[in-house]
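A note on names: the letters A, B, ... follow the listed sequences, proteins ahead of strands, and every chain is numbered from 1.
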There are 2 protein chains.
Amino acid sequence: MNTQAGEKSKPITGPKTGAAKDAGVPALGDIIGYKLRRAQLMVFQDFIESFSQLKLRPAEFSVLAIIATQPGLKQSEIAGMLGIKRANFVALMDGLEKRGLAERRKADGDRRSHSLHLTAEGARFVKKMSAVWQGHEDRLIARLGGAEERDRLITLLDRLLDSDED
Amino acid sequence: MNTQAGEKSKPITGPKTGAAKDAGVPALGDIIGYKLRRAQLMVFQDFIESFSQLKLRPAEFSVLAIIATQPGLKQSEIAGMLGIKRANFVALMDGLEKRGLAERRKADGDRRSHSLHLTAEGARFVKKMSAVWQGHEDRLIARLGGAEERDRLITLLDRLLDSDED
DNA sequence: CGAGAATGTTATGTTACAAAACAATATGAC
DNA sequence: GTCATATTGTTTTGTAACATAACATTCTCG
């Protein structure tokens with residue numbers, strides 16, 4: 001969020017203001033989207049710091065996680081899962097391939113598509129990556145107040161998402 | 001574990017997590033940050049569509065809401081509240097001023113700073129804006145399952161944010 | 001007064017993201 | 001089998017969000 005030293009940043013996170021004052025003008029603390037955005041930025045900030053040593057960004061992390069658990073998927077399939085345009089997926093995959101973590105193989109039946117797989121080094125990398133992620137996730141769960149609270153949060157976010165599935 | 005009810009079919013948002021721990025590699029559905037991001041994108045998408053007629057983006061909405069409820073604040077104060085760099089706030093405020101919705105006034109004691117206020121047209125605009133927002137927010141609350149669920153979501157998001165305030 | 005900080009601003013760079021066009025290949029109607 | 005159409009990966013391009021540095025003006029305070 002704000003990594004600058006001298007800057008002050010106090011997001012509006014106060015207690016719920018029961019009634020909207022000022023003729024229906026919403027207070028920032030009552031706006032779901034505002035809170036969601038601030039929380040997402042905070043979580044991503046923690047993520048990015050956690051993975052600064054591994055030089056891994058959130059999108060790259062998610063791609064590696066999918067390739068690790070479901071090897072052989074095509075580029076457009078993975079891009080579709082993550083909501084990434086396949087045009088923008090190219091450079092991302094180029095990076096992973098250049099680092100020797102993942103590779104494109106010729107798909108069996110279809111000569112247009114590439115099936116994606118981890119390299120041996122990529123498999124080792126995913127192990128380290130997963131450990132780092134676990135620390136990050138544990139930190140978030142602690143802030144939430146425990147695993148049950150995490151589950152409740154996931155459940156609520158799923159309710160927002162379920163009616164929206166692509 | 002967050003795996004209880006919902007068995008989705010399509011993409012990733014529905015955790016297919018049974019005991020799907022491939023050597024600690026997280027499933028996307030179990031990642032707080034991933035779910036947060038997807039939910040935030042969905043909410044912003046709904047917001048942007050809701051405000052397409054008013055041609056108002058989320059950042060502009062939040063600035064107008066602050067000016068409406070707390071007129072007279074300085075640019076750097078509002079930028080600080082919203083986590084916007086004051087350098088980037090300039091163009092945003094220029095736009096609001098050019099549209100005749102808000103204005104910079106010379107601050108009383110300090111000739112460097114500007115105090116921000118709504119114009120008369122801006123006040124009318126904020127009324128319409130608030131009505132549109134209420135529809136947007138009600139839609140989200142309905143997805144969540146009611147106002148009580150909304151409050152629970154806000155509470156959980158606040159837990160993530162509270163420990164993050166400077 | 002004079003050094004340093006704050007404020008608004010300009011300029012610039014980086015990154016995420018979307019849209020359009022294209023070659024190669026696949027698919028399906030006929 | 002042929003041909004129109006769709007899909008896949010890719011390149012190119014544009015836009016919006018976001019950060020950083022530098023600057024002039026003004027304030028603060030020792």
Side-chain angles (χ1 to χ4, degrees), chain A residues 1-9 33-34 37-38 40-42 44-45 47-49 51-52 55-63 72-98 102-116 166, chain B residues 33-34 37-38 40-42 44-45 47-49 51-52 55-63 72-98 102-116:
Chain A
M1 190 174 303
N2 200 347
T3 46
Q4 203 166 339
E7 292 280 342
K8 61 174 238 179
S9 166
Y34 175 78
R37 175 168 175 272
R38 299 295 291 216
Q40 188 255 312
L41 288 176
M42 175 261 134
F44 267 45
Q45 184 58 33
F47 184 99
I48 291 170
E49 290 168 6
F51 283 89
S52 61
K55 304 229 182 340
L56 200 68
R57 284 167 297 180
E60 297 168 326
F61 173 91
S62 57
V63 169
L73 292 181
K74 295 183 297 180
Q75 285 193 197
S76 56
E77 291 175 328
I78 296 185
M81 290 184 201
L82 295 173
I84 301 174
K85 301 287 175 215
R86 65 188 196 282
N88 297 326
F89 192 88
V90 175
L92 203 166
M93 189 60 201
D94 285 348
L96 296 178
E97 212 167 18
K98 229 154 257 160
E103 60 181 3
R104 294 166 162 105
R105 293 184 195 163
K106 301 187 192 308
D108 43 342
D110 194 329
R111 279 184 299 178
R112 295 171 301 178
S113 55
H114 298 151
S115 77
L116 304 188
D166 323 10
Chain B
Y34 176 77
R37 175 168 176 272
R38 300 292 289 212
Q40 187 256 311
L41 287 176
M42 175 261 134
F44 267 47
Q45 185 59 34
F47 183 99
I48 291 170
E49 290 169 6
F51 283 90
S52 60
K55 304 229 183 334
L56 200 69
R57 285 166 298 181
E60 297 169 327
F61 173 91
S62 58
V63 169
L73 293 181
K74 294 183 298 179
Q75 286 194 195
S76 56
E77 290 174 329
I78 296 185
M81 290 184 202
L82 295 172
I84 301 174
K85 301 288 176 213
R86 65 188 196 284
N88 297 326
F89 192 87
V90 175
L92 203 167
M93 189 59 202
D94 285 347
L96 296 179
E97 213 167 18
K98 229 155 259 160
E103 61 181 1
R104 295 167 162 105
R105 294 183 194 164
K106 301 186 192 308
D108 44 342
D110 194 329
R111 278 183 301 177
R112 296 171 299 179
S113 54
H114 298 149
S115 77
L116 305 187

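Of the candidate nucleotides D/dG9, D/dT10, C/dG8, D/dT10 has the atom lying nearest to any side-chain atom of A/R104. Closest to the B/S113 side chain, of the nucleotides D/dT26, C/dT7, D/dT8, is C/dT7.
End-to-end axis angle of the helix from C/dC1-D/dG30 to C/dC30-D/dG1, from C1' rotation axes over five pairs per end: 30° (rounded to 10 degrees).
The separation between B/E77 atom CD and C/dA6 atom P is 14 Å, rounded to whole Å. Between the P atom of D/dA22 and the NZ atom of B/K85 lies a distance of 16 Å, rounded to the nearest Å.
Distance check, rounded to the nearest 0.5 Å: CE of B/M81 to CG of B/L73 gives 4.5 Å. The CG atom of A/L82 sits 7.0 Å away from the CZ atom of B/R38 when rounded to the nearest 0.5 Å.
Applying the 4.0 Å criterion to OP1 and OP2 of C/dA6, one finds that B/S76 has every side-chain N and O outside that range. Considering only side-chain N and O atoms, B/R86 lies nowhere under 4.0 angstrom from the phosphate OP1 or OP2 of C/dT10. A close approach under 4.0 Å does occur between a side-chain nitrogen or oxygen of A/K74 and OP1 or OP2 of D/dT8.
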Under 3.5 Å, which protein N or O atoms sit close to an N or O of nucleotides 1-3 of chain D? Give each pair with its distance.
none

Considering only nitrogen or oxygen atoms on both sides, find all protein atoms under 3.5 Å from nucleotides 12-17 of chain D and state each distance.
residue: D/dA17; atom: OP2; partner: B/R57; partner atom: NH1; Å: 3.1

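The two atoms that bring B/F47 and B/R57 nearest to each other are CE2-C, 3.9 Å, heavy atoms only.
A donor N or O paired with an acceptor N or O is not found under 3.5 Å between the base of C/dA26 and the side-chain atoms of A/R112.
Checking side-chain atoms of A/Q75 against main-chain N and O of A/R86 turns up no donor-acceptor pair under 3.5 Å. Listed for the A/E60 side chain is no donor-acceptor partner under 3.5 Å among the backbone atoms of A/L96.
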